[in-house]
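These notes are about the structure you will find just below.
We name chains A, B, ... by the order of the sequence lines, and we start the count at 1 in each one.
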Amino acid sequence: MIDVLYFAWVRERIGVPKEQVETGAATVGDLVEELKGREERYEAAFADLSALRVATDQELTDFDAPLAGVREVAFFPPMTGG
Amino acid sequence: MADGARRAGTRIQAEPFDLGLEANAFAAAQTGAGAIVTFTGVVRDVASGDLAVMEIEHYPGMTEKAVEAFRAEAVARFKLADALVIHRYGPLAPHEPIMMVATAARHRADAFAGAEYLMDWLKSRAPFWKKEVSGQGADWVAARDADESALERW
């Protein structure tokens with residue numbers, strides 16, 4: 001089981017801030033494909049990956065990143081702090 | 001927080017902060033510095049002039065770690081005597097302070113550069129997201145290409 005978190009408009013499109021996902025995905029990108037196959041709302045949130053950022057265990061990474069040993073994956077739009 | 005417990009570092013908080021109090025406390029603790037720079041970001045109204053609230057979402061846990069890492073890097077890279085970052089989240093009214101940075105260094109060039117470095121990284125790499133709620137509806141603020149490319153100079 002892996003914790004999957006969503007923020008900002010990604011959270012709004014998917015409808016929950018956090019969920020636990022049972023997955024055998026090897027990479028972040030594989031997990032995205034798996035989720036997109038589940039329901040329309042994931043398809044809507046992950047339609048354009050260039051508009052998304054991802055973190056594994058609270059470190060920014062990319063969609064090729066491996067999921068082995070990862071406890072938490074987060075998806076969100078580009079950040080707008082400051 | 002009692003005045004005695006106030007110290008430089010990273011603070012991610014919902015509560016408002018007092019810019020004058022923070023700047024004075026930070027400055028008072030810098031005995032070896034010759035230059036102190038402070039920057040404050042405030043909630044800007046929308047073009048239509050009817051912003052009701054700005055909602056700032058963040059990623060608890062990652063935010064603190066990321067911002068503290070940027071702060072530590074700024075201190076090391078610009079030989080700062082100290083640096084302070086305060087960033088708020090939650091609903092904010094127009095003109096309210098969102099965040100501040102303060103840097104202290106022996107000379108002003110490092111203090112300014114350290115503050116700019118921190119701002120550039122906070123803008124594009126700290127996990128905050130702004131939503132503007134106005135008479136026009138609710139819109140997530142889009143990241144600006146200029147903010148992303150500002151990182152290249154470091």
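Only the side chain of B:Lys131 has a heavy atom closer than 4.5 Å to any heavy atom of chain A. Only the side chain of B:Lys65 has a heavy atom closer than 4.5 Å to any heavy atom of chain A. Heavy atoms closer than 4.5 Å to chain B are found in the side chain of A:Ala55, but not in its backbone.
Residues from residues 60-71 of chain A that place a non-hydrogen atom less than 4.5 Å from a non-hydrogen atom of chain B comprise A:Leu60, given in numerical order. Listed by sequence position, the residues of residues 37-50 of chain A in contact with chain B number zero, using a 4.5 angstrom heavy-atom cutoff.
B:Tyr89 and B:Phe128 have their aromatic ring centers separated by at least 6.0 angstrom.
Side-chain contact check for B:Glu64 versus B:His58: some heavy-atom pair is nearer than 4.5 Å. A:Thr23 has its side chain within reach of A:Ile2: a pair of non-hydrogen atoms, C-beta onward, lies under 4.5 Å apart. The shortest distance between side-chain heavy atoms of B:Arg153 and B:Leu151 does not fall below 4.5 Å. Counting heavy atoms from C-beta on, the side chains of B:Gln136 and B:Asp50 come closer than 4.5 Å. Contact annotation: the side chain of B:Met100 approaches that of B:Glu22 to within less than 4.5 Å [non-hydrogen atoms, C-beta and beyond]. Proximity of B:Leu51 to B:Val43: side-chain heavy atoms (C-beta onward) are separated by under 4.5 Å at one or more points.
Ranked by non-hydrogen atom pairs under 4.5 Å with chain A, the options B:Ser124, B:Gly41, B:Ala69 are led by B:Ser124. Contact tally against chain A (heavy-atom pairs below 4.5 Å) for B:Glu55, B:Arg125, B:Arg144, B:Met119: the top residue is B:Arg125.
Ring planes of A:Tyr6 and A:Phe75: parallel class, angle under 30° (limits at 30 and 60°).
The existence of a salt bridge linking B:Glu96 and B:Arg88 is confirmed by a sub-4.0 Å separation between a basic side-chain nitrogen and an acidic carboxylate oxygen.
A cation-pi arrangement is absent between A:Arg11 and A:Trp9 under the rule of less than 6.0 angstrom and at most 45 degrees off the ring axis.
No side-chain donor from either of B:Glu132 and B:Trp140 sits under 3.5 Å from a side-chain acceptor of the other.
Side chain of B:Trp129 to backbone of A:Thr80: no donor-acceptor contact under 3.5 angstrom is found.
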